[in-house]
Amino acid sequence: MKAEKMACFDAATRNAAASIKIVRDRGKKFVGTYCIFAPQELIIAAGAVPVTLCSTKEEPIADGEKYLPRNFCPLIKSSYGFAITGKCAFFNNAEFIIGETTCDGKKKMFEMMGIFKPLVVLELPQSAGSEAQRQYWRAEIARCKAEIENRLHVTISDEKMTAAIRELNGERARMRELARLNTAIPAPLAATDMLKVIWARNFTFDRAAFNRELAELIAELKEMIAQGKGAAPETAKRIIVTGVPTGVGSEKVIKILEESGAAVVYIENCAGMKQFLDDVSPEGPPLEAIADKYLQTPCSCMSPNSGRLELLVNLAKEYHAHGIVDITWTGCHTYNVESRILGDYLAGHGNIPFIQIETDYSQSDVGQIRTRIEAFLEMIGKK
Ligand code: SF4
Ligand code: SF4
């Protein structure tokens, strides 16, 4: 069963491009981001509109491959393909882009993108554990603030940052409340629908309107739980998806899982819930609080990245998961190596069933993936 309220989230993504003119007519400017390390509070505090740029579609990959190695991660080829061809209206309308030195592929791609688009590239430390790394990243976030101020000709005050922190903390709390509804058996929200809600959040620029729709969806899902209704039957195998970002357009594996009868109860990756995990502390200087929150992002670009391992064990318990599916994009070395680390960790912490699926955005391996997933779900059933 599907919540009726989902209809408006389906429409939000379809109507996204039309809202560009409305935003611009109000005198607002767009700032583009790709990765969840980009501090959205600073963009909002500057009076601009953050937009997470698309990197989840297969269509621009052929154009991306004219400039980038074919064996690159599809996410990077997709974003570059959109950018170089001018096919993404949000990219075209962004005053500038905030990028980060995360994986090698992305930072080299940003070098090429910087030739034709204004970019601010934040240099991430390789790990988040030490005081030196914390101070280094705080300085990078301070540089980011200065870049935004210079480029948009504004001043970002502490008061504006505090207001933006409050606004985004509120949104994150509501997204966590939404996700937590799926701890119920049966889970009321399909993962493919969860992705649509997250996409609608990216592309609905009237934040108050989005939050109203979200509250109504949460109320409807609570009603479904009270009536014992779910997006999949009570007996469905409950799966947590982790790994690389898988958004609208690149949700192939999630769709196969759902078509195979599984209930995907949680999407841990950064196109899913990772971005909503932690709030910015309302205490202390706001710029430092913003920096500290983003540095805690449990991404495989960080070495070590033990926070992700512990998180997944806890999520498996909280969401009554039968297994974990780790998706790796072909060419993504950090998530590929970390998959082995994760599999070993899960085996040693409750022997949680685990499978890695390495794939790209094409449909050529759908049959093969379906066979592996069906075997995995059957194996879980026998445990
Ligand atoms: S997986 Fe890591 S590097 Fe890639 S978009 Fe997410 S946070 Fe950024
Ligand atoms: S999926 Fe991996 S290779 Fe692709 S952009 Fe993210 S970290 Fe880089």
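Model, not experiment: these values are computed from the prediction.
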For this session: Report, as yes or no, whether the 6.0 Å neighbourhood of atom NZ on Lys229 holds more than 12 heavy atoms from other residues, nucleotides or ligands.
Result: no
Exercise. Are there more than 12 heavy atoms of other residues, nucleotides or ligands under 6.0 Å from atom NZ of Lys117?
Worked result: yes
Exercise. Do Glu95 and Arg24 meet the salt-bridge criterion of a basic N to acidic O distance under 4.0 Å?
Worked result: yes
Exercise. Would Phe91 and Phe82 count as a close aromatic pair, with their ring centres under 6.0 Å?
Worked result: no
Exercise. If you count the non-hydrogen atoms of other residues, nucleotides and ligands that lie under 6.0 Å from CZ in Arg176, is the total more than 12?
Worked result: yes
Problem set entry | Linked, directly or transitively: Phe376 and Val265 (ILVMFWY side chains, under 4.5 Å) | yes
For this session: Consider only side-chain N and O atoms of Ser79 and Ser55, and report whether a donor and an acceptor are under 3.5 Å apart.
Result: no
For this session: Evaluate the ring planes of Phe90 and Phe203, with Trp represented by its six-membered ring, and classify them as parallel (under 30°), tilted (30 to 60°) or perpendicular (over 60°).
Result: tilted
For this session: Could you tell me whether Glu140 and Arg143 make a salt bridge, using a distance below 4.0 angstrom between a side-chain N and a carboxylate O?
Result: yes
Problem set entry | Joint cluster assignment, Leu119 & Leu42, ILVMFWY side-chain distance < 4.5 Å | no
Exercise. Are a donor atom and an acceptor atom from the side chains of Gln356 and Thr328 found within less than 3.5 Å of each other?
Worked result: yes
Exercise. Could you walk me through whether Thr52 and Gln40 pass the side-chain contact (heavy atoms from CB on, under 4.5 Å) check?
Worked result: CA-CA 10 Å; Thr52 308; Gln40 297 214 334; 3.8 Å; yes
Problem set entry | ILVMFWY network linking Leu277 to Leu168, side-chain heavy atoms under 4.5 angstrom | no
For this session: Tell me whether the guanidinium CZ or amine NZ of Lys28 lies under 6.0 angstrom from the six-membered ring centre of Phe205 and within 45° of its axis.
Result: no
Exercise. Should Glu259 and Lys255 be marked as a salt bridge (Lys or Arg N to Asp or Glu O under 4.0 Å) after you check the CA-CA gap, both sets of side-chain angles, and the distance that decides it?
Worked result: CA-CA 6 Å; Glu259 287 162 7; Lys255 275 188 180 160; over 6 Å; no
Problem set entry | Flag side-chain contact, heavy atom, 4.5 Å: Ile61 against Asp360 | no
Exercise. Charged N to carboxylate O below 4.0 Å: is that the case for Arg172 and Glu41?
Worked result: yes
For this session: Evaluate the ring planes of His349 and Tyr345, with Trp represented by its six-membered ring, and classify them as parallel (under 30°), tilted (30 to 60°) or perpendicular (over 60°).
Result: parallel
Exercise. Does Leu181 share a hydrophobic cluster with Met273, counting links as ILVMFWY side-chain heavy atoms below 4.5 Å and allowing steps through other members?
Worked result: yes
For this session: Would you sort out whether Glu216 and Arg212 count as a salt bridge (Lys or Arg N to Asp or Glu O under 4.0 Å), showing the intermediate values?
Result: CA-CA 6 Å; Glu216 288 174 24; Arg212 273 196 307 276; over 6 Å; no
Exercise. Do Ile254 and Glu258 have side chains that get closer than 4.5 Å, going by heavy atoms?
Worked result: yes
Problem set entry | Intermediate values then yes/no, salt bridge (Lys or Arg N to Asp or Glu O under 4.0 Å), Lys5 and Glu213 | CA-CA 8 Å; Lys5 191 68 203 171; Glu213 308 282 13; 2.6 Å; yes
For this session: Compute whether any side-chain donor of one residue and acceptor of the other, for Thr359 and Asp365, lie under 3.5 angstrom apart.
Result: yes
Seminar exercise, completed: Exactly one of Val253, Val264, Ile324 clears side chain to side chain contact (heavy atoms under 4.5 Å, CB included) with Val241, and that residue is Val264
Exercise. Do the side chains of Phe96 and Ile20 join up, straight or via other hydrophobic residues, at under 4.5 Å, putting them in one cluster?
Worked result: no
For this session: Taking atom NZ of Lys2 as the centre, report whether more than 12 heavy atoms of other residues, nucleotides or ligands fall under 6.0 Å from it.
Result: yes
Problem set entry | Heavy-atom side-chain proximity of Leu214 to Glu171 below 4.5 angstrom | no
For this session: For the pair Phe110 and Tyr34, name the ring-plane relationship: parallel under 30°, tilted 30 to 60°, perpendicular over 60°.
Result: tilted
Problem set entry | Close side-chain approach of Arg308 to Glu338, heavy-atom, < 4.5 Å | yes
Exercise. Could you go step by step and tell me if Glu177 and Lys222 meet the salt bridge (Lys or Arg N to Asp or Glu O under 4.0 Å) rule?
Worked result: CA-CA 11 Å; Glu177 182 185 2; Lys222 282 182 177 170; 3.0 Å; yes
For this session: Could you tell me how the ring of Tyr80 sits relative to the ring of Tyr67: parallel (under 30°), tilted (30 to 60°) or perpendicular (over 60°)?
Result: perpendicular
